[in-house]
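Computed over heavy atoms, backbone and side chain alike; hydrogens, waters and symmetry mates excluded. This one's a predicted model, so the numbers in the text were calculated from it and none came from an experiment.
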Amino acid sequence: MGSQSLIIVLFVLLPLFLTSASAQLSLNFYRNTCPNVESLVRSAVQEQFQQTFITASGTLRLFFHDCFVRGCDGSVLLASPTNQAEKDSFDDLSLAGDGFDTVIKAKAAVDSDPNCRNKVSCADILALATRDVINLAGGPFYQVELGRRDGLISTKTSVNHNLPKPWFNLDQLNTKFSEHGLSQTDMVALSGAHTIGFSHCSRFSRRIYDFSPTNKIDPTLNFQYALQLRQMCPVNVDPSIVINMDPTTPQTFDNAYFKNLLQGMGLFSSDQILFTDPRSQPTVNLFASDNAAFQQAFVDAITKLGRVGVLTGHQGEIRQDCSRVN
């Protein structure tokens, strides 16, 4: 076979290689091994959710960070005795402990059933818990594809340059999401998760105090909202203080995030750019006016996200303890 023919064959087969792992995920993966896995996870998540709402945003963000680094393999859950795991990286230090607690409790609930013990991966438990917190916060209930295996590697350095930054423009956002097979519409929909998110002041303080030599406040930011943010985030604010990313309905998974963008009330530059850039503005307008359209797009996008870099079959393992390899 000539080199040109070989290149053509590889080009045709590449998509098959990329999708082979995700094709092994299924909606009824545990039907014969742990048929009640979803109800076990749901019960544990619901109990944790009732104790603190941070469970919702913490678990959702944990899933996103897991999938964007090494794929959805539960590697973000691994701990390192020398603080060299993913969770020890600068970008992951702000991951809420409630998200980790949710997975730990859901894992314990699953393993309490003798038929299920050590048969369900931590990666799948995180995917199910994410669906459940979204639904408990008022968002959609959707079917979760299962069959992921747990990764064996988690390194601090692997997080570098793999997560979108709060100052990204649209091109940078699209590039980062497209690396995982996600479209601009997927990216905008997934950004809607900020409707139940929160942030430390340091992540956006430049927008309200020192945006540019001519504008102390970012001109794309609603001025009254900026003044409110200054009150909540004064200079030298306690670094532990967090601010709701949706100032209107912070504990409801809805389309208020997009309505806020229309008013210049996106907390991050990477939020507001979705409306100010004419290429993504129509999608923001659609989601702001149609909550059902947003929720359907979000389900489609998070389902695609859940297929990113998954380990299946005999790859990886089923961890007995989500925080360490067997």
Side-chain angles (χ1 to χ4, degrees), residues 25-67 69-81 83 85-88 92-137 139 141-154 196 302 306 310-312 315-326:
L25 299 180
S26 65
L27 298 178
N28 56 3
F29 185 82
Y30 296 105
R31 178 179 55 191
N32 297 321
T33 53
C34 183
N36 57 338
V37 59
E38 296 204 25
S39 61
L40 290 168
V41 170
R42 175 80 175 197
S43 177
V45 171
Q46 190 160 13
E47 182 177 344
Q48 178 78 0
F49 179 84
Q50 290 170 346
Q51 293 175 8
T52 171
F53 183 81
I54 296 176
T55 296
S57 53
T59 305
L60 176 51
R61 190 160 177 252
L62 195 60
F63 180 67
F64 182 88
H65 280 231
D66 185 43
C67 293
V69 180
R70 308 191 71 89
C72 310
D73 67 347
S75 55
V76 74
L77 302 169
L78 289 172
S80 162
N83 300 321
E86 287 177 30
K87 65 189 294 187
D88 301 306
D92 282 357
L93 286 176
S94 60
L95 290 172
D98 298 280
F100 291 95
D101 289 344
T102 301
V103 176
I104 291 170
K105 291 177 180 177
K107 164 73 168 169
V110 171
D111 285 350
S112 69
D113 184 329
N115 295 321
C116 300
R117 187 169 299 132
N118 299 327
K119 292 179 182 176
V120 181
S121 69
C122 297
D124 274 348
I125 288 173
L126 176 55
L128 286 169
T130 299
R131 184 272 310 277
D132 290 337
V133 295
I134 290 168
N135 184 235
L136 288 167
F141 182 89
Y142 55 92
Q143 298 298 310
V144 178
E145 296 173 339
L146 301 170
R148 300 168 191 80
R149 303 267 291 179
D150 294 322
L152 304 173
I153 301 170
S154 180
I196 57 169
I302 201 166
V310 295
L311 303 176
T312 58
Q315 300 172 315
E317 64 181 10
I318 304 296
R319 275 184 225 140
Q320 296 179 23
D321 179 339
C322 290
S323 67
R324 61 182 179 85
V325 296
N326 295 341

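Looking only at distances, no side-chain donor or acceptor of S43 sits under 3.5 Å from a matching main-chain atom of S39. Side-chain N or O atoms of T55 include one that pairs as donor or acceptor with a backbone N or O of T52 at under 3.5 Å. The main-chain N or O of R319 is found under 3.5 Å from a side-chain atom of D150 such that the two form a donor-acceptor pair. Within the 3.5 Å criterion, the main-chain N or O of S154 finds no donor-acceptor partner in the side chain of S75. At distances below 3.5 Å, at least one donor-acceptor pair connects side-chain atoms of D66 with backbone N or O atoms of G74. Looking at N326, its side chain does come within 3.5 Å of a backbone N or O of I318 through a donor-acceptor pair. No donor-acceptor pair closer than 3.5 Å links the side chain of Q143 to the backbone N or O of L27.
Looking only at side-chain heavy atoms (C-beta outward), D132 and Q46 stay at 4.5 Å or farther from each other. Counting heavy atoms from C-beta on, the side chains of V76 and V69 never come closer than 4.5 Å. The side-chain heavy atoms of N115 and P35, taken from C-beta on, include no pair separated by under 4.5 Å. In this structure, the side chains of I302 and L60 come closer than 4.5 Å at one or more pairs of heavy atoms.
The distance from atom CZ of R61 to atom CD1 of I196, rounded to the nearest 0.5 Å, is 12.0 Å. D73 CG to L311 CG: the interatomic distance, rounded to the nearest 0.5 Å, is 5.5 Å. With rounding to the nearest 0.5 Å, the separation of CZ in R148 from OG in S121 is 7.5 Å. Here CG of L95 is found 10.5 Å from OG1 of T59. Values are rounded to the nearest 0.5 Å. Going from atom CZ of R42 over to atom CD of E47 covers 14.0 Å, rounded to the nearest 0.5 Å. Taken from CG in N118 to NZ in K107, the straight-line distance is 5.0 Å, to the nearest 0.5 Å.
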- Task: Any chance you could lay out the side-chain contact (heavy atoms from CB on, under 4.5 Å) test for Y142 and V144, step after step, and finish with the verdict?
- Result: CA-CA 6 Å; Y142 55 92; V144 178; 3.9 Å; yes
- For N36 and C116, what are the C-alpha separation, side-chain angles and deciding distance, and is it a side-chain contact (heavy atoms from CB on, under 4.5 Å)? CA-CA 9 Å; N36 57 338; C116 300; 3.7 Å; yes
- Under the side-chain contact (heavy atoms from CB on, under 4.5 Å) rule, what do L128 and L146 come out as? Steps first, then yes or no, please. CA-CA 9 Å; L128 286 169; L146 301 170; 3.9 Å; yes
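Nearest approach of N135 to G139, heavy atoms of both residues: ND2-O, 3.1 Å. The two atoms that bring C122 and L77 nearest to each other are CB-CD1, 3.9 Å, heavy atoms only. The two residues L152 and G316 make their nearest non-hydrogen contact at CG-CA, 4.3 Å. Scanning both residues, V103 and C322, for their nearest heavy atoms gives CG1-SG, 4.1 Å. Between S80 and D88 the shortest heavy-atom distance is CB-OD2, 4.0 Å. When every heavy atom of H65 is checked against every heavy atom of D92, the shortest pair comes out as ND1-OD1, 2.6 Å.
Around CZ of R117, the count of heavy atoms belonging to other residues, nucleotides or ligands within 6.0 Å exceeds 12.
A salt bridge is defined here as a Lys NZ or Arg NE, NH1 or NH2 lying under 4.0 Å from an Asp or Glu carboxylate O, and D101 with K105 fails to meet this definition.
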